Protein chains: 2
Amino acid sequence: MKNSTGHDIADALGLLLRRSTRARLYTQLTEGLGEAVDDLTYPILSGLARTGARSAADLGREIGLDRTTVTRRADRLEQVGLLQRQPDPDDGRATLLALTEQGRDIVSVTRERLAAGIESSLATWPQEDAQAFARQLRRFVDEGPFAAEPH
Amino acid sequence: MKNSTGHDIADALGLLLRRSTRARLYTQLTEGLGEAVDDLTYPILSGLARTGARSAADLGREIGLDRTTVTRRADRLEQVGLLQRQPDPDDGRATLLALTEQGRDIVSVTRERLAAGIESSLATWPQEDAQAFARQLRRFVDEGPFAAEPH
DNA sequence: TATTGTTATACTCTATAACTATA
DNA sequence: TATAGTTATAGAGTATAACAATA
C-alpha cells in the first residue's frame with residue numbers, strides 16, 4: 001500500500017503538459033484548416049465560441065493574454081475571414097470581436113476532432129470507467145493545484 | 001444516456017492545456033528556486049533527472065527541442081550551478097550534461113511540491129477513487145490522441 | 001481620470017546556417 | 001561523410017509604452 005498516487009498523477013501530468021505533446025495535439029487538430037489557425041490563434045477562436053462576441057481587453061483578461069496580443073492574433077483571424085470586428089453598441093470605446101460563420105465552423109471541426117480522438121482512445125474502456133474518468137478529470141481540473149483562484 | 005464523454009474530457013483538457021493554467025502551475029512550483037528555474041529550463045532539469053547525464057543532441061531529441069536550444073538553456077543552468085558539463089568518455093564529440101547535487105535537489109523539491117499539491121486536492125476523494133483516477137490518467141496520457149508515435 | 005483599440009519599440013526565444021572537432 | 005557543440009543571424013511573438021478616442 002504505497003502513498004504514490006500524487007507522484008503517479010504528477011508524472012502523467014508532466015507528460016501531458018510537455019511542449020512536444022501540446023504541439024502534436026495542436027498540429028493534429030488544426031491540420032488542413034488554413035495557416036491562420038494554430039496554437040496561437042485557436043484560443044481566440046475557442047474563447048469567442050465559448051462566450052460570444054466580446055472586446056479584446058475582455059477576452060484577454062479571461063484567457064490570460066495582454067489586449068495588444070489579442071488584437072494582433074485577431075488581426076490574423078480577421079484577414080482570413082474567421083472573425084469580424086463590430087462596434088460595441090454599449091461602449092463607444094470598445095470593438096467587439098465576433099466569430100463569422102466560418103469561424104464557428106472551424107471551432108466545431110476542431111472540437112469534434114478532439115472529442116473523436118478521445119473517444120477512439122477510450123474505445124476499449126468499459127463505458128462506466130470512461131464516464132467516471134471524465135467526471136474525475138473535470139473535478140481534478142477545477143479543484144486541482146493549478147485551478148484559478150476564485151475572484 | 002448521452003454520448004458526451006469525449007466532449008467532457010475535451011473540455012477539461014482544454015482548460016488544463018491553457019497557457020494561463022500552465023503559467024500558474026510553473027510559477028507555484030518554481031517559486032523561490034532562483035531566476036534560472038522556469039518553464040524553459042525546467043524540462044532540461046527534469047529530463048536529465050529522468051535518464052541521467054546525456055548529450056544536448058540526445059536530450060533534445062527526447063523532449064522535442066533543437067540541440068541549439070538545449071545548449072542555450074543548459075548555459076543558464078550551468079551558470080547558477082545546477083548543471084555541469086562533462087566530456088563523454090565514449091564519444092569525443094559529445095559533451096554530457098549532468099545535474100549537480102543542487103540541480104537534483106531542485107528537481108526533488110518541485111516534484112514534491114507538485115505531488116503534495118495534487119494529494120492535497122485529492123484529500124476529500126475516497127482513496128480508491130484517487131488511485132483509480134491516477135491509473136486511468138496515466139493510461140489516457142500514454143494511449144490518448146496526443147500520445148507520441150511509437151518509433 | 002480611467003479604459004478602449006491600436007501601433008511602435010525593445011526584449012526574449014527559436015530554428016537555420018555556419019563553424020570547428022571528432023567518429 | 002556524418003554528427004557533436006557552439007555561436008551568429010534572422011524571424012516570430014510578447015509585453016511596455018504611447019497615442020487618440022470615449023466613459
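Below, read A as the first sequence line, B as the second, and so on, with proteins coming before strands; counting in each chain starts at 1. None of the values given here were measured: they were computed from a predicted structure. No hydrogens, no waters, no symmetry mates; every other heavy atom, side chains included, goes into these values.
- Where R85(A) and L40(B) each meet DNA chain C at their nearest nucleotide, the meeting point lying more 5' is that of R85(A).
- L96(A) places its CG atom 11 Å from the P atom of dT6(C), with the value rounded to the nearest Å.
- Rounding to whole angstrom units, CZ of residue R19(A) and P of dC13(C) are separated by 12 Å.
- For the OP1/OP2 pair of dG5(C) and a distance below 4.0 Å, the side-chain nitrogens and oxygens of S55(A) include at least one atom meeting the criterion.
- Residue order along DNA chain D, read from the 5' end via each residue's closest nucleotide, puts R61(B) first among R61(B) and R76(A).
- Between the CD atom of E78(B) and the C1' atom of dT6(D) there is a distance of 12 Å, given to the nearest Å.
- One can place CG of L59(A) at 13 Å from P of dT4(C), the figure rounded to the nearest angstrom.
- Checking dG5(D), dT7(D), dA15(C) against every side-chain atom of D75(B), the shortest atom distance belongs to dT7(D).
- Residue-level contact check: D91(B) touches the backbone only, with heavy atoms under 4.0 Å from sugar-phosphate atoms and none from bases.
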**Request:** Kindly determine whether H7(B) and E119(A) satisfy side chain to side chain donor-acceptor pair (under 3.5 Å), including the steps that lead there.
**Result:** CA-CA 9 Å; H7(B) 279 96; E119(A) 281 175 10; 4.9 Å; no

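- Between the side chain of R67(A) and the base of dG5(C), a donor-acceptor pair under 3.5 Å is found.
- In this structure, a donor-acceptor pair under 3.5 Å is absent between the side chains of T27(A) and R22(A).
- A 6.0 Å sphere centred on CZ of R111(B) holds no more than 12 heavy atoms belonging to other residues, nucleotides or ligands.
- Of the N and O atoms on the side chains of R139(B) and T124(A), at least one donor lies less than 3.5 Å from an acceptor on the other residue.
- Residue L65(B) contributes atom CG, which lies 15 Å from atom C1' of dT16(C) at whole-angstrom precision.
- Between the CG atom of D66(B) and the C1' atom of dA18(C) there is a distance of 14 Å, rounded to whole Å.
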**Request:** Go through the steps for T110(B) and Y42(B) under the test side chain to side chain donor-acceptor pair (under 3.5 Å), then give the verdict.
**Result:** CA-CA 9 Å; T110(B) 57; Y42(B) 188 71; 2.7 Å; yes

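- Heavy-atom distances to DNA chain D give each of R54(B) and D38(A) a nearest nucleotide, and the one nearer the 5′ end belongs to R54(B).
- Ranked by how close their nearest DNA chain C nucleotide is to the 5' end, R93(A) and R72(A) are led by R93(A).
- Across all strands shown, T68(B) has heavy atoms under 4.0 Å from base atoms, whether or not it also approaches the sugar-phosphate.
- Between the P atom of dT22(D) and the CG atom of D88(A) lies a distance of 14 Å, rounded to the nearest Å.
- Listed pair T71(B) / dT6(D) meets the phosphate criterion, a side-chain N or O lying under 4.0 Å from OP1 or OP2.
- Atoms CG (D58(A)) and P (dT3(C)) sit 13 Å apart, rounded to a whole Å.
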